[in-house]
Structures are given as C-alpha cells and as structure tokens.
Number of protein chains: 2
Amino acid sequence: MKLSAVTIKDISRELNLSTSTVSRALRDSHEISIETKQLILDYARKINYKPNRNAQSLKEKKSHSIGVIVSEIANSFFSQVINGIESIASKNGYTVNISQSMESAERELMNLEYLTSSFIDGLIISVSTETKNHLYLKEVHEKGLPIVFVDRVIDEIETHKVIADNFKGAYKATKHLINKGYSKIALVSNHAGLSIAKERLEGYKAALSEAKIPVKDNMIVFCDHGGMLYSEVESAMNSLMRLRTKPDAIFAGSDKITTGCMRFMKNKKIRVPEDLALIGFSNNDLTELLNPPLSVIKQPAFEMGEAAMTLLLSMMESKRPQQKFETRIQSTELLIRKST
Amino acid sequence: MKLSAVTIKDISRELNLSTSTVSRALRDSHEISIETKQLILDYARKINYKPNRNAQSLKEKKSHSIGVIVSEIANSFFSQVINGIESIASKNGYTVNISQSMESAERELMNLEYLTSSFIDGLIISVSTETKNHLYLKEVHEKGLPIVFVDRVIDEIETHKVIADNFKGAYKATKHLINKGYSKIALVSNHAGLSIAKERLEGYKAALSEAKIPVKDNMIVFCDHGGMLYSEVESAMNSLMRLRTKPDAIFAGSDKITTGCMRFMKNKKIRVPEDLALIGFSNNDLTELLNPPLSVIKQPAFEMGEAAMTLLLSMMESKRPQQKFETRIQSTELLIRKST
DNA sequence: ATCTTTATCGGGAACGATTGCGTTAAAATA
DNA sequence: TATTTTAACGCAATCGTTCCCGATAAAGAT
C-alpha cells in the first residue's frame, strides 16, 4: 500500500515539455524563459507536486538526512540533546533518523550498519556503555562519513566532539560537598570505560586530593549500564552501605544513577541529607521539586545538541575532508539545593 | 564530503559477472548456482558491500522508513512513546524519522510536507495543540499514506488510532479526589480543541455529576500550548487563585501542566495537599520522589508506541488499502500518593 | 547578407538496484 | 541421435531526477 505520487514526467506530458525543462523550472535554473517557468510552477503547485527525495538522493549522492544514535531516547538528557539537534536540522532541511542502542554494543552496531547504507549524510553518536570495539565506526569514518560525538566520545577517532565539562562539573560537585563538611564522599560512577566516567572520576579525585582527603577505592562503585536498570544502582549502593565506614555523601555520575540513588534512599528510608547527602549529574527538570530538592550538575543538553548539529552541518557541506577538528567543551551548571 | 560506497557494479566488474547475477546472489534468488552465489557473497562481505538504500527505495517504491511527528521530544510521555515505536520499528527493519511540531501548526505542516516527499512509507502523528486545519493530512491520507494517530487524534480522519482511556483516567482521578473529601475541584486543561482534552473534560464532568457536584465553568481553565510554557500554567493557576471560592483540589490535564502546577505551588508556598491537592496526567518517573509524592494518572506510553508501530506495520505491509480501522484504547493507571 | 552569439529547450545518459525476458549450454527425455 | 527441458546467467528497461550536450531559432554583429 503506497501513495501514487505525481512525477516530473506527469508534468512534462501534460504541458508538452521535456522533463529537463520541467526540472529546470523547478530548480529555478537561469536557462529557461520566465513564462514557461511560471507555467510549470503553477501547474506543479496545482497538482501538488513533490520531488521524490529518494531519486534526488540517488542522483545527488546526498540524502539530506542524518543519523542519531543514543543509548535511550526516554532519558531527559538525551531527549534534550535530540531536541537541540532536531531544531537545527529541520531549519537546514535535514531529516533526523533516530535509533537507540539501549547500552548494547550489538544493537548499536546493527543500527549503525543499517543507517550507513548510503542512507545518511552524517552521524551524531553518543556511544553505549558496552562499546569497546570501534572498528566499524572507525571504518565508516575513514571512508568519509562525517561524524560528531556528543557526550560520550571515542578518543581514537579524530573528529568534532561536543562534551560537557565533566571534569570541572565533577570537581565542583565534590568540592561543594567538601565545603559543606562532608568527608566520606562516595562516587557512584557510570561504566569505567566511558569517556565521561573517566573525566568525572578525575574531577572527583582532584577535589578530594586538593582537600587532602585520601581517595579510597571502595568508595568508588560502578554501574555498568549507567543505571539503566534500577537493580544496578541498588547493588552499587548496597555495597557502599555494607562498608564499615559508610559514606556521608554520594556523588552520582549520571542522570539515571542520580535518580536511582534518590529512589534507593527513599526505599531504605535514608534521610537526605541528614543521613546521607546526594548530588549528581542530572538534566531532569523535576529534580528541583523532589523531596528534598536535589542538588545537581546540569549539562547544557539542548545547546550541546545544537552545537553537534552545527558542527555536523559544517562537515557535511564542506567540499574537502576537514583537517582540523574541535572538541567543544560546554560548561556545566551547579545547582545547589537541599540534598547537600 | 561524502563516503564513496561500493556498488553492485564494482562487484560484477571484479568477478566478471553481470549486475543481475550479483543482485540475485545478494537477494538469494533460486536461479543462481550455489558456487557463484558463495563467490559473490564472500567477495561482498570482504569489501563490505552495503546496498544503496536510496536506489532500493526508488526501485521498490518503498523506503522502509517511517515518520513520527510529536509536539516535543523532550517530554517524558512522548519520549516513551517514541521508545516504543523505535523498538518495534528497528526489529522490523524500519528507520524512524522524528520531527517535533513544538505545538505549532505551521511547523507541523512543514515537517509533514517534507516527510511526505515520497520519503516515508507511513506516519505516526500526535497532532499539535494548534492544529485546526487537517486538509493536508487528509489529502496524503486519501492518497494512500498509512497513518496512525497516537494520543491526540483527529476524528475526521478514518484510520488506526491508539489512545489512552482518557475518559476513564480523568473519571478515576476526579472520583478519587471526591472520595478523599474534596469538593471544589478545578481542572487545568490542555487546549480545548484537542481530542484528549475533550475526553478528559468529559471524564471530569462525569465524576462530578455522579457525585452531584455542579460543574462550574470558572473552575475549568485552559493552557493552549499544553503547558509548554510555564507562564501559561502560571496564569491559569492565578486565575483560579483569584476566585472568591478557591478550589481545594486541582486536576491537571497533561504532563507539563501537572508538573507546572507543582512548580506553581512550590513557588507560591502553597502546601500540598493541605492547602490544595493535586493530581494529574504524568509519565515522568520522578513524580514518585517529589515533595510530596505526586498522585498521577499514568499512561502506558511505551506500549502505546509499540501498538501504534504494530498497527502501522500492518497497514504498510498489506496489499490492499485497509477498510476496517481500530481505535485501540489502552487503560491508564491511577497511582495514589501523598499529593491528594 | 552572412556569421556569431545567446536564449530556450529536448535528447539521453547517468545514479544503483531489481527483474522480466532472452540466451546458452548442459542435462534429461524420447 | 534428436528433441525437450532446465539451470544459470546476461541484456536492457525501469524507478524519478539531474545535467551535460546538442539543436534550433531569434537576435545581434560585421
């Protein structure tokens, strides 16, 4: 079941003109008389002609659509990023193809292979926690597919990258906890292999070291799927709670982990911040209304999406392969509320 | 800047075969010897051949991609719906093209026209609050484009629809308020023209009437952009607060409105539920952790997305235009917490 | 009046994949 | 051995657009 579209041939037949002439009129070429152009445009509008984008893409070797791969759409951070991407893309006549990896390297690869079948002109990706093998990504990149990384980057691939200032964000959050008098600060981190996790870990360590607080390994726990499953956060938190010297503050390394910790504390009836303080990365705009209102590090998600799409546009529309790439680091915002 | 893809011609040239033979091998046709098939498949894998999807789409008149138009991606309800759509789509080899209307009828139409340039095989749409004129939508529908409505439907267009049981949801919420002893129950509704707003209004009225509580017009206020702007919710709430007989409970008609009301009450230091109770439609999974935990009517967003995509699939893959359409009504969940 | 320029249009070959039809040779049958 | 069947492959058209040429006629230049 498909819709029978009107083509350039239909117009040319009706108007007794060649398809070349019709095409030229529609593309506003100079080598055509103003009368025939008007004639064609009027008729085209009348029968509601729409160019077949597949034919155009085939001919021009450009699809005017891009691919976006994130771990999960229904995540406040990523949905805001996508919002930013879409807003710039649609302004520039690009269609956005979304797929989610669900933190699975396998699904990520599948989506990637499908999207890259000469189908997209560029790709914006935030790699999954599982991703270790970036052979395929590297391959299509070397073949010339413009790629921009957002948030979770791969160092080995040289291209534009848009990230938040994770180091500083983590540093600020940890320092804030220290300033508030907390000294046993635990980190509930995302998967250790992730670029953002590494950077945030460094920021956390830097703040502790600066305050001459020793960094203890057992105060750092990991959620290998970024808190996608609550059980993951639960067991991470439980391992912290079983410690002989329990933490007095938690720094959570991702959106889902932050809210997961909050849920854990509520379930276990742990008072925040009296028993345990909590701060974490989050872009959920309800954190302010939580009980207690949550202190968070907020990333400029929408702006990051905008930046990524803008950079991708510049790559897609440049004639030569670009040589110089930039890593745009956007600053985070520390919102201090009642949970710390 | 584009990637130079390897084509069927490259394979045929290298292997001294015709393009037809190569195509048949790749498509696993029967009229080909097992040896040449293996030869071709091996070589194709070696040079990492990927069929050009634009060429395939042009030939088959099927793009294997669908369009999704929602008001805003960064909205918990819609992002969950999209999640459901994407999960089914990717399983069936379909790519999902997303665009957002931002509650603007103009942007919606723009996106629609762009997507329907022989580019998508089907469409899933939740119309914007502004949408009044559905001429274009009706036109492409009559031309044969399979369409499925989710959440916000248009009655005049006969096709599959997936909605939540808005009437019952609103009825249950209102009845719950009544049972709790509230009698001055206000409704902060979405745009009056929206199908969901109408249905929820009816549910609200039904519950009140059943309890012999008169329905008062000044207790029903509207947010014409669904609460997309906080100011909208603010002025709606303010008008309720200026009433000589203020409401003792609020029933909020959409996700953004619900959280907007919550924000309003926090800002105005209105105690919930002592001064004013609050219940509303919401799919944000942090409502449970709010202060106070929010009573909500939750829609099965993910499942609605799945259902919509499944129905769309059936339309796209049926030979003949379908005659019988179903409106799938999925039941909502009433989660009673501390705010009522 | 002849030649050159210019404007305006048509013919037809791409783009990459698919497929009906024709061709060839081998295999099967009479 | 003669004839028919069948397996395996090539040729060429097609999908809808674009664009390089070439053709034509009018306009301008000499």
Side-chain angles (χ1 to χ4, degrees), chain A residues 2-41 43-44 47-65 93 114 116-121 143, chain B residues 2-41 43-44 47-65 93 114 116-121 143:
Chain A
K2 72 202 65 152
L3 64 167
S4 57
V6 22
T7 77
I8 258 186
K9 273 186 194 163
D10 298 327
I11 301 182
S12 70
R13 197 182 313 117
E14 181 66 26
L15 263 43
N16 263 332
L17 291 166
S18 78
T19 58
S20 352
T21 309
V22 176
S23 173
R24 271 188 280 256
L26 295 168
R27 297 218 112 214
D28 202 24
S29 162
H30 60 279
E31 44 177 332
I32 195 173
S33 78
I34 186 121
E35 300 87 29
T36 38
K37 187 200 286 183
Q38 206 43 249
L39 183 72
I40 291 169
L41 288 179
Y43 185 70
I47 63 172
N48 197 20
Y49 167 81
K50 294 267 163 49
N52 183 312
R53 282 184 61 191
N54 288 313
Q56 285 182 321
S57 300
L58 178 59
K59 191 91 224 309
E60 297 175 28
K61 293 177 183 296
K62 280 208 66 179
S63 66
H64 282 274
S65 68
Y114 192 58
T116 51
S117 303
S118 314
F119 183 60
I120 54 171
D121 296 340
K143 274 194 184 168
Chain B
K2 73 202 62 150
L3 67 166
S4 57
V6 22
T7 77
I8 253 185
K9 271 185 195 164
D10 299 326
I11 301 183
S12 70
R13 197 181 314 116
E14 181 65 27
L15 264 43
N16 264 331
L17 291 166
S18 77
T19 59
S20 354
T21 310
V22 176
S23 172
R24 272 187 277 255
L26 295 167
R27 297 219 112 216
D28 202 27
S29 162
H30 60 281
E31 44 177 333
I32 195 172
S33 79
I34 187 124
E35 300 88 26
T36 39
K37 187 200 287 182
Q38 206 42 248
L39 182 73
I40 290 169
L41 288 180
Y43 184 70
I47 62 173
N48 197 18
Y49 166 80
K50 296 267 164 48
N52 184 311
R53 281 183 59 193
N54 288 314
Q56 284 181 320
S57 300
L58 178 59
K59 187 88 220 315
E60 296 176 30
K61 293 177 185 296
K62 279 208 68 181
S63 67
H64 283 274
S65 68
Y114 192 58
T116 50
S117 302
S118 314
F119 183 61
I120 53 170
D121 296 340
K143 275 195 182 166

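Bear in mind that the values here come from a model prediction, so they are computed numbers and not experimental data. Scope of the values below: all heavy atoms of this structure, side chains included, with no hydrogens, waters or symmetry mates. Chain naming here is simple, since letters A, B, ... match the order of the sequence lines and numbering starts at 1 in each.
Atom OG of A:S23 is separated from atom CG of A:L17 by 12.5 Å, given to the nearest 0.5 angstrom. B:Q56 CD to A:S117 OG: the interatomic distance, rounded to the nearest 0.5 Å, is 8.0 Å. The distance from atom CG of A:N16 to atom CD1 of A:I11, rounded to the nearest 0.5 Å, is 13.5 Å. Here the CD1-NZ distance, from A:I47 to A:K50, works out to 11.0 Å after rounding to the nearest 0.5 Å. Atom CG in B:D121 sits 5.0 Å away from atom NZ in B:K62 (nearest 0.5 Å).
Side-chain N/O atoms of B:T36 include none lying less than 4.0 angstrom from OP1 or OP2 on D:dA8.
The rotation axes computed at either terminus of the helix from C:dA1-D:dT30 to C:dA30-D:dT1 lie 60° apart, taking five pairs at each end and rounding to 10 degrees.
Contact annotation: the side chain of B:F119 never approaches that of A:H64 to less than 4.5 Å [non-hydrogen atoms, C-beta and beyond]. Between B:K143 and A:N48, some side-chain heavy-atom pair lies under the 4.5 Å cut-off. Side-chain contact between A:I40 and A:L15: present, with at least one pair of heavy atoms (C-beta onward) separated by less than 4.5 Å.
B:R53 places its CZ atom 13 Å from the P atom of C:dT18, with the value rounded to the nearest Å. The CZ atom of B:R13 sits 10 Å away from the P atom of C:dG16 (whole-angstrom rounding). Straight-line distance from the CD atom of A:E35 to the C1' atom of C:dC9: 13 Å, rounded to whole Å.
At the heavy-atom level, B:S57 lies nowhere under 4.0 Å from the strands shown.
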What string of B, S and - do you get for nucleotides 10-23 of chain D 5' to 3' if you count protein non-hydrogen atoms under 4.0 Å? BBB-BBBBBBB---
